[in-house]
Structure formats: structure tokens, C-alpha cells
Amino acid sequence: MSDAVCVRMVGRDDAAVVDDLVVPSIFRQDHASAHAVRFAPATSRDATPRDVVVPAEPALTRAAPRRVAALLAGRYCAARALRAAGYADARVPVGEAGAPAWPAGAVGSISHTAAYAVAVVGSSVNWRGIGVDCERVLDETGADDVVRTTLPEADAVDVAGHDRLAWTEFVTVAFSAKESLYKCLRPLIGEFFDFTDARLTHLHRDARHVRLRLERDLGPAFARGTTFDVAFAVADAHAYTRLALPVTAGPIAPESIA
């Protein structure tokens with residue numbers, strides 16, 4: 001990697017070598033900052049002239065090297081996005097249930113695959129919640145597994161638009177959209193919910209949006225039937241999704257995408 005940074009954690013030999021990427025356009029929006037990298041697992045012996053050392057994370061004491069590398073890459077992205085948003089020297093430790101613990105006043109989300117990581121951060125003045133996700137496009141077997149376990153509504157989805165979207169891309173986008181919904185709402189409602197608690201009803205291939213509808217109440221703020229429009233993009237064999245809820249939003253009333 002050119003112009004790479006080695007991110008390592010105190011107390012571990014495992015590290016991540018990261019290289020900055022152009023942030024996918026889906027994650028660039030007003031009042032939010034984003035950062036993206038390509039990364040590879042490494043060890044502290046692979047140090048570069050631009051080493052970054054982060055404090056130890058007790059939750060990762062016994063974690064496998066690949067998990068450590070992915071978390072370090074994601075936290076590096078988060079720190080860079082926070083700095084761009086005006087939060088100098090802010091840390092993002094592992095919080096409840098492994099979720100990132102954002103500094104006071106910040107709202108954000110992190111995602112990674114085996115080789116890419118991205119983080120998006122905004123101020124709680126502007127955003128109630130942010131959820132982002134990236135997934136490598138599934139193969140046929142993986143897509144079939146997702147449909148069986150988390151997307152039983154696949155054949156009933158209203159699909160519009162003329163852009164081409166392969167079946168495996170469609171399933172990956174749907175899975176990723178539900179991940180973004182979970183990451184956005186979980187901190188707001190304080191409870192776990194399942195993939196099948198949100199139903200995919202529409203996908204517009206040209207507008208690059210999907211619509212999810214809640215199948216049950218989630219806390220006092222999000223009633224059954226509430227809908228969310230999640231933006232998506234597919235590039236370089238990856239699917240990217242983003243859901244951002246502005247502070248001004250009451251009950252969600254998205255614009256029509258059908």
C-alpha cells in the first residue's frame with residue numbers, strides 16, 4: 001500500500017496497515033464527515049513511518065488477528081471522521097454489545113468487510129441516528145442463505161427502475177440495508193431487534209433507494225408500520241448502504257420512491 005499507516009494497539013502484536021481511499025459518494029452528505037480505507041492485517045513488526053498507536057481494548061484480549069485488524073481500521077476511520085467533524089483527539093472505544101462508544105455530542109456508524117472500512121460521523125445537533133454498512137456482494141449460495149434466514153419477503157418486493165441489478169447484488173443490498181437500519185436505531189431504542197422485524201417493500205434501481213417497513217413496535221418512537229428509505233450503491237463487488245435520521249424528523253415520512 002502506498003502512503004500507508006500502521007495502526008496498532010497497546011498490548012497486541014496484531015495491527016492493521018491502512019491506506020486512505022476516496023469515500024464512496026453514498027457516505028458524503030451535508031453536516032456529516034466520512035473516512036474510508038483499504039486495510040490488511042499486519043503485526044507491529046510491519047510498522048511504517050506513520051504509526052498510530054491506540055489504547056488497549058479489554059474486549060479484544062483474546063480476539064483473532066483479523067478481527068483486531070478490522071476493528072483497528074474501523075476505529076482509525078472513525079477518528080479521522082471525528083477530527084474532520086471538529087472533535088479533536090476523540091477516541092471511539094468498544095462500547096455496549098461491541099458497538100462504538102461515540103464521544104458526547106457525536107453520532108456515527110462504522111462498517112468494514114475483510115479489506116475495506118468506512119465511518120460516518122455527524123453532530124447530534126443535526127442527526128438522531130446514523131447507520132452505514134458495506135458488504136462484499138454475496139455469491140449464489142450466500143444469497144440463497146440470506147433469503148432463507150433474513151429476507152423471506154424477497155419475491156414480493158416491488159422493484160422499479162431500469163438499471164441492472166443482479167440477484168446476488170439485490171440480496172446483498174437488502175441485507176446491508178437491514179444492517180444500516182439496525183445500526184441507526186439500536187442506540188435510539190436500547191434493545192435488540194431481528195432482521196425479520198423490518199420488511200423490505202420497495203427497491204428502486206435508478207434512485208438507489210430501498211424502503212424498509214417495521215413489522216413491530218421498536219421502543220416508543222418507532223411504531224409498527226414506520227418506513228425508512230435507505231440509500232444504496234454497488235461498486236467494486238461491494239454493496240454500500242446508508243440511513244441517516246435528521247433531528248427535525250418526527251414519525252418518519254419518506255418521499256415516495258416507487
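The structure presented is a predicted model; accordingly, all values stated were derived computationally and were not measured. The figures that follow rest on heavy atoms only: side chains count, while hydrogens, waters and symmetry mates do not.
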For [X] and [Y], indicate whether the former's side chain and the latter's backbone hold a donor-acceptor pair under 3.5 Å.
| X | Y | value |
| --- | --- | --- |
| Trp167 | Ala143 | no |
| Lys183 | Ile130 | no |
| Ser109 | Gly131 | no |
| Thr172 | Val137 | no |
| Thr196 | Thr150 | no |
| Trp102 | Gly108 | yes |
| Tyr116 | His238 | no |
| Arg12 | Ala56 | no |

Minimal non-hydrogen separation, [X] against [Y], with atom names:
| X | Y | result |
| --- | --- | --- |
| Ile26 | Arg242 | O-NH1, 2.5 Å |
| Asp229 | Leu243 | O-CD1, 3.5 Å |
| Ala15 | Arg8 | CB-CB, 3.8 Å |
| Leu138 | Thr168 | O-CB, 3.3 Å |

With distance as the sole criterion, is a donor-acceptor pair present between the side chains of Ser176 and Asp133 under 3.5 Å?
-> yes

How about [X]: does its [atom1] atom have over 12 heavy atoms from other parts shown lying under 6.0 Å from it?
| X | atom1 | answer |
| --- | --- | --- |
| Asp163 | CG | yes |
| Asp206 | CG | yes |
| Arg28 | CZ | yes |

Can a salt bridge be assigned to the pair Asp20 and Arg80 using a cut-off of 4.0 Å between side-chain N and carboxylate O?
-> yes

Side-chain ion pair, Arg208 and Glu169, N-O less than 4.0 Å | no

Answer whether the closest heavy-atom distance between the side chains of Val18 and Val52 falls below 4.5 Å.
-> no

Result of checking His202, His204, Arg211 against Asp158 for side chain to side chain contact (heavy atoms under 4.5 Å, CB included) | His202

Quickly, which of Glu135, Glu215, Glu153 forms a salt bridge (charged side-chain N to carboxylate O under 4.0 Å, His left out) with Lys178? Name it, please.
-> Glu153

Residue of the set Arg224, Arg186, Arg213, Arg216 for which salt bridge (charged side-chain N to carboxylate O under 4.0 Å, His left out) holds with Asp197 | Arg216

Spacing of CG belonging to Leu212 relative to OG1 belonging to Thr241, to within rounding of 0.5 Å = 9.0 Å

Please step through ring-ring contact (aromatic ring centres under 6.0 Å, His included) for the pair Tyr182 and Phe193, ending with a clear verdict.
-> CA-CA 7 Å; Tyr182 183 84; Phe193 62 96; 4.9 Å; yes

Measure up the His112 and Phe39 rings against each other and bin them: parallel (under 30°), tilted (30 to 60°), perpendicular (over 60°).
-> perpendicular

Aromatic rings Phe222 and Phe228: how do their planes relate, parallel, tilted or perpendicular, breaks at 30° and 60°?
-> tilted

Can you check side-chain hydrogen bond (donor to acceptor under 3.5 Å, both in side chains) on Asp139 and Thr141, steps first, answer last?
-> CA-CA 6 Å; Asp139 59 19; Thr141 300; 4.7 Å; no

